[in-house]
Q: 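This structure is in structure tokens; I'll ask about it shortly.
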Amino acid sequence: MTTQTRLDSEAAAPEPEKRPRPARRRRRITPAKVLIWTGLILATLVFIYPFIWLLSASFKPRGEVFDNKIIPETFTFENYLNVWDEAPMALWLWNTVLVTVLAAVTVTVSSAMVAWGFSYFRFRGRNFLFGIVLATMMLPGAVTMIPQFLIWNSLGMVDTLTPLWAQNLFGSAFYIFLLRQFFLGLPRELFEAAKIDGANNWKIFTRIAMPLCKPALIITLIFEFQAAWTDLMRPLIYLRDSDNFTVPRGLKALLDQYGFGGEWHWEIVVTASVITTIPMIILFFLGQRHFVQGIATTGTKG
């Protein structure tokens with residue numbers, strides 16, 4: 001068959017029929033959906049209004065902080081410049097970041113190790129010991145507050161940052177329970193196969209178990225990061241020197257000095273509050289996917 005004949009036959013061949021695209025299903029707007037969306041929007045506004053008010057007040061001069069207007073009548077950036085002169089915010093932020101990172105990492109690693117022991121190893125009295133660990137969650141913080149202070153005071157650690165994070169070296173009962181439930185959902189045959197291949201318990205834990213429970217580890221990090229970042233009680237107990245203050249302790253000092261100390265510089269207080277709140281918003285925005293995944297998967301394990 002010549003080239004011209006092949007071209008003529010291809011031109012004469014009928015074109016394949018085009019299948020019609022399936023029509024998109026239109027979502028029906030029902031009164032129930034409208035009611036649900038309205039409720040969600042109202043709930044969202046209720047939750048974000050305090051921060052919107054705080055953000056708006058940080059751009060107002062002193063006399064207009066409490067005028068309750070979302071859009072400032074007099075817009076100024078001076079508050080964000082003055083707050084660094086009125087307080088050592090950079091030093092407080094650094095102290096907070098240091099304490100928060102150390103607290104989050106130590107409690108995540110230590111809790112994961114304890115949770116792995118309770119989920120993987122079989123030994124007599126395991127459930128009884130795990131029950132004792134859970135029972136410590138029922139103790140109010142005020143019960144252990146004084147003994148812990150006496151211990152750190154005898155070690156000469158008062159007025160240092162160490163007591164704010166070193167207690168996490170021993171794990172947390174809540175995080176142990178959270179991670180144990182996730183470890184119990186992992187296939188045990190996988191660990192037995194790794195042991196046959198020559199892996200010891202430490203390699204099984206670090207190279208197999210921990211990567212598989214990444215969502216649960218991330219949610220533990222986020223929970224503890226938020227708890228350590230906003231913790232005020234322990235800094236109030238252990239910190240005396242302003243150079244060691246964390247952000248919550250520094251905000252308390254600013255509130256005492258400028259809020260109720262007679263100077264009434266509320267614009268400084270609200271501006272410092274905005275500066276310390278923004279990192280938490282960024283953290284939850286970046287870890288939102290892992291946060292939701294960790295909550296969902298952990299709730300279905302075990």
Side-chain angles (χ1 to χ4, degrees), residues 24-77 79-80 83 89 92-93 96-97 100-101 103-104 107-108 172 174-175 177-178 181-182 214-233 246-248 250-252 254-255 259 266-301:
R24 294 183 178 179
R25 296 180 58 184
R26 295 183 180 180
R27 295 182 179 180
R28 296 178 57 187
I29 300 177
T30 61
K33 289 184 178 180
V34 173
L35 186 62
I36 292 174
W37 280 104
T38 303
L40 290 175
I41 292 173
L42 291 177
T44 302
L45 292 177
V46 169
F47 278 102
I48 68 174
Y49 176 77
F51 179 73
I52 293 176
W53 183 92
L54 191 72
L55 184 64
S56 174
S58 67
F59 292 104
K60 298 177 182 179
R62 186 189 314 175
E64 301 177 7
V65 171
F66 294 103
D67 60 6
N68 205 27
K69 295 180 179 179
I70 298 300
I71 301 177
E73 196 172 310
T74 304
F75 200 89
T76 177
F77 285 96
N79 297 334
Y80 285 90
V83 69
M89 286 295 298
W92 292 350
L93 285 171
T96 307
V97 170
T100 302
V101 171
V107 80
T108 301
S172 168
F174 174 73
Y175 299 138
F177 170 75
L178 185 76
Q181 296 304 111
F182 199 95
K214 179 181 176 182
L217 294 175
I218 292 178
I219 194 176
T220 302
L221 277 171
I222 294 176
F223 276 170
E224 186 60 27
F225 198 98
Q226 186 271 339
W229 185 273
T230 58
D231 183 25
L232 175 60
M233 182 60 67
T246 59
V247 168
L251 287 178
K252 179 64 169 60
L254 287 179
L255 186 63
W266 286 103
E267 75 281 4
I268 300 297
V269 177
V270 297
T271 303
S273 300
V274 171
I275 293 175
T276 57
T277 305
I278 289 177
M280 281 290 96
I281 296 176
I282 296 175
L283 175 67
F284 274 88
F285 178 78
L286 295 177
Q288 180 181 10
R289 179 173 62 87
H290 299 287
F291 182 80
V292 174
Q293 182 182 3
I295 287 288
T297 55
T298 305
T300 58
K301 299 293 180 181

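Starting from 1, each residue takes its place in the sequence as its number.
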Q: My understanding is that only residues two or more places apart in sequence, or in another chain, count here; which of them pass side chain to side chain donor-acceptor pair (under 3.5 Å) with S58?
A: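 For S58, the residues satisfying side chain to side chain donor-acceptor pair (under 3.5 Å) (neighbours in sequence not counted) are Y80.
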
Q: For the pair W92 and T246, evaluate side-chain contact (heavy atoms from CB on, under 4.5 Å) and give the outcome as yes or no after the intermediate values.
A: CA-CA 5 Å; W92 292 350; T246 59; over 6 Å; no

Q: Is a side-chain donor or acceptor of T96 paired with a backbone partner of W229 at a separation under 3.5 angstrom?
A: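 Between the backbone of W229 and the side chain of T96 there is no qualifying donor-acceptor contact (under 3.5 Å).
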
Q: Just by modelled atom types, is the P72 backbone N or O under 3.5 Å from a matching donor or acceptor in the E64 side chain?
A: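 Side chain of E64 to backbone of P72: no pair is present.
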
Q: Would you say CE of M233 has more than 12 non-hydrogen atoms from neighbouring residues, nucleotides or ligands within 6.0 angstrom?
A: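 No.
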
Q: Suppose the criterion is salt bridge (Lys or Arg N to Asp or Glu O under 4.0 Å): which pairs have a residue in residues 38-56, not counting sequence neighbours?
A: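 For residues 38-56, and leaving out neighbouring residues, there are no salt bridge (Lys or Arg N to Asp or Glu O under 4.0 Å) pairs at all.
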
Q: Restricting to side chain to side chain contact (heavy atoms under 4.5 Å, CB included), what partner residues turn up for F77, sequence neighbours left out?
A: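 Partners of F77 under the side chain to side chain contact (heavy atoms under 4.5 Å, CB included) test: F59, F75.
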
Q: Give me each pair satisfying salt bridge (Lys or Arg N to Asp or Glu O under 4.0 Å) with a member in residues 270-288, each pair once, sequence neighbours excluded.
A: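 For residues 270-288: none.
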
Q: Quick test of your reading: applying salt bridge (Lys or Arg N to Asp or Glu O under 4.0 Å), list the pairs with at least one residue in residues 34-44, sequence neighbours left out, ordered by first then second residue.
A: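 Checked against salt bridge (Lys or Arg N to Asp or Glu O under 4.0 Å) - neighbours excluded - no pair reaches residues 34-44.
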
Q: Rounded at 0.5 Å granularity, tell me how far CD1 in I281 sits from CZ in F285.
A: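 Rounded to the nearest 0.5 Å, the CD1-CZ separation comes out at 11.5 Å.
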
Q: Applying side chain to side chain contact (heavy atoms under 4.5 Å, CB included), name anything that partners I48, two or more places apart in sequence or on another chain.
A: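 If we apply the side chain to side chain contact (heavy atoms under 4.5 Å, CB included) test to I48, skipping adjacent residues, the hits are T44, L45, I52.
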
Q: Donor-acceptor pairs under 3.5 angstrom involving side-chain atoms of residues 270-279: please list them, not counting sequence neighbours.
A:
from: T271; atom 1: OG1; to: E267; atom 2: O; distance (Å): 2.6
from: S273; atom 1: OG; to: V269; atom 2: O; distance (Å): 2.8
from: T276; atom 1: OG1; to: A272; atom 2: O; distance (Å): 3.2
from: T276; atom 1: OG1; to: S273; atom 2: O; distance (Å): 2.9
from: T277; atom 1: OG1; to: S273; atom 2: O; distance (Å): 2.6

Q: My understanding is that only residues two or more places apart in sequence, or in another chain, count here; which of them pass side chain to side chain contact (heavy atoms under 4.5 Å, CB included) with T108?
A: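 With neighbours one apart ignored, the set is L217, T220, L221.
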
Q: Distance check, rounded to the nearest 0.5 Å: L251 atom CG versus T230 atom OG1?
A: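 So the CG of L251 and the OG1 of T230 are separated by 11.0 Å.
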
Q: Would you say that R62 contacts W266 through its side chain, given a criterion of any heavy-atom pair below 4.5 Å between the two side chains?
A: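 No. Closest side-chain heavy atoms not under 4.5 Å.
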
Q: Kindly compute the distance separating OH (Y49) from CG (L54), expressed to the nearest 0.5 Å.
A: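 So the gap between those two atoms works out to 11.5 Å.
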
Q: If you define the side chain from C-beta out and look only at heavy atoms, does anything of V107 sit under 4.5 Å from Y175?
A: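 When only atoms from C-beta onward are counted, Y175 and V107 do touch, with a gap below 4.5 Å.
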
Q: For the residue pair W53 and F66, categorise the inter-ring angle as parallel (less than 30°), tilted (30 to 60°) or perpendicular (more than 60°).
A: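 Tilted, since the angle between the ring planes falls between 30° and 60°.
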
Q: Any salt bridge (Lys or Arg N to Asp or Glu O under 4.0 Å) involving residues 278-288? Give me the pairs, sequence neighbours left out, ordered by first then second residue.
A: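 Qualifying pairs: none.
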
Q: Report the residues that fulfil side chain to side chain donor-acceptor pair (under 3.5 Å) with T38, sequence neighbours left out, ordered by chain and then residue number.
A: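 Testing T38 for side chain to side chain donor-acceptor pair (under 3.5 Å), a comparison that skips the adjacent residues, returns none.
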
Q: Looking at residues at least two apart in the chain, or sitting in another chain, which of them share a side chain to side chain contact (heavy atoms under 4.5 Å, CB included) with K69?
A: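 Partners of K69 by the side chain to side chain contact (heavy atoms under 4.5 Å, CB included) criterion, ordered by chain and then number, come out as K60, D67, E73.
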
Q: Return the CG to OG1 distance between L35 and T30, rounded to the nearest 0.5 Å.
A: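 One gets 9.5 Å once the value is rounded to the nearest 0.5 Å.
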
